[in-house]
Amino acid sequence: MPDNTGLSTVNLAARQRMLSQRMVLQTVLAAQGDKAQLQAAERTLSLFSDSQATLLQMLKKLDEASARKVEAVYHDVQGVGGNIQTFTKLVRTALDHIAQRDPRQAASVAQVVEHTDAVLEALNKATTVFDDISKTQSDSMKRELSGIVNDIQNVAREAKVVSFNALVIAARAGNFGREFAVVANVLTGITGKIDGLSREAIVLA
């Protein structure tokens, strides 16, 4: 079984488009007697089917709002999910007919070719909705990160005030405040580093 781990829903959906077109080409060439293309088409169909199953499993991990968007696309009037299933069945039938040298192979291959535009449009819709979900999640993460960075900056500013006051007190204490001054200086250095890191985090966000 192919390894689909590490691929996002967007990348997986986009790969399905490429695989669908590859299958059509391989099926047409297989129908012309190319045994190597028949084997290649079988592998591509297996990869396409497994990838689609993986994609549907990944959908279960989406939040409720995102899941509703996907459901709306997969089960709308034009039926993205239904188009993909129909295409898979047509390819399966065509490959079986080719392997068996069935007289119906020409008709079944023609059906695969005829359904090419429909499945490509369906896969484009699926990729678009996954891309929209990915962007929404990314924007949400950016806002959350920005909020965390702001909190860190607030703490750093408060720490700077504390360290400054500590240095003032240490200076007034004279010799008795030397050790206290060392601690205050270290705290000042730490807050400076925190401030620098928070600025970098803002740029990345």
**OP:** Using a 4.5 Å cut-off on heavy atoms from C-beta on, say whether the side chain of L120 contacts that of F87.
**Re:** no
Subject >> Backbone N/O of E42 and side chain of S46: donor-acceptor pair under 3.5 Å >> reply: no
Donor-acceptor pairs are to be reported for all side-chain atoms of residues 30-39 against protein atoms at under 3.5 Å, with residues two or more places apart or in another chain.
from	atom 1	to	atom 2	distance (Å)
D34	OD1	A36	N	3.1
D34	OD1	Q37	N	3.2

Original post:
Does E114 CD have over 12 foreign heavy atoms under 6.0 Å away?
Top reply: no
**OP:** Check S108 against H97 and note the closest heavy-atom contact, atom names and distance.
**Re:** OG-ND1, 3.3 Å
**OP:** State, to 0.1 Å, how close R92 and L45 come at their nearest heavy-atom pair, and which atoms those are.
**Re:** NH1-CD2, 3.5 Å
Original post:
At what distance, to the nearest 0.5 angstrom, does CD of Q26 lie from CZ of R43?
Top reply: 7.5 Å
Original post:
Would you say F48 and L25 are hydrophobically clustered, going by side-chain heavy atoms of ILVMFWY under 4.5 Å?
Top reply: no
Subject >> Linked, directly or transitively: V28 and L95 (ILVMFWY side chains, under 4.5 Å) >> reply: yes
**OP:** Please examine the side chains of H115 and N83, heavy atoms only from C-beta on, and report whether any two atoms are closer than 4.5 Å.
**Re:** yes
**OP:** Determine, using the 4.5 Å side-chain heavy-atom cutoff (strictly less than), whether L123 and L47 are members of one ILVMFWY cluster.
**Re:** yes
Subject >> Nearest-0.5 Å distance, CD of residue Q21 to OG1 of residue T44 >> reply: 12.0 Å
Original post:
With a 4.5 Å heavy-atom cut-off, do L19 and R22 have their side chains touching?
Top reply: yes
Original post:
Within the side chain of T116, is there an N or O that forms a donor-acceptor pair under 3.5 Å with the backbone of V113?
Top reply: yes
Original post:
Is E121 paired with R17 through a side-chain N to carboxylate O contact shorter than 4.0 Å?
Top reply: no
Subject >> Heavy-atom side-chain proximity of D102 to D96 below 4.5 angstrom >> reply: no
Original post:
To the nearest 0.5 Å, how far apart are CZ in R104 and CD in Q111?
Top reply: 10.5 Å
Original post:
Which heavy-atom pair separates R15 from S51 by the least distance, and what is that distance?
Top reply: NH2-OG, 2.8 Å
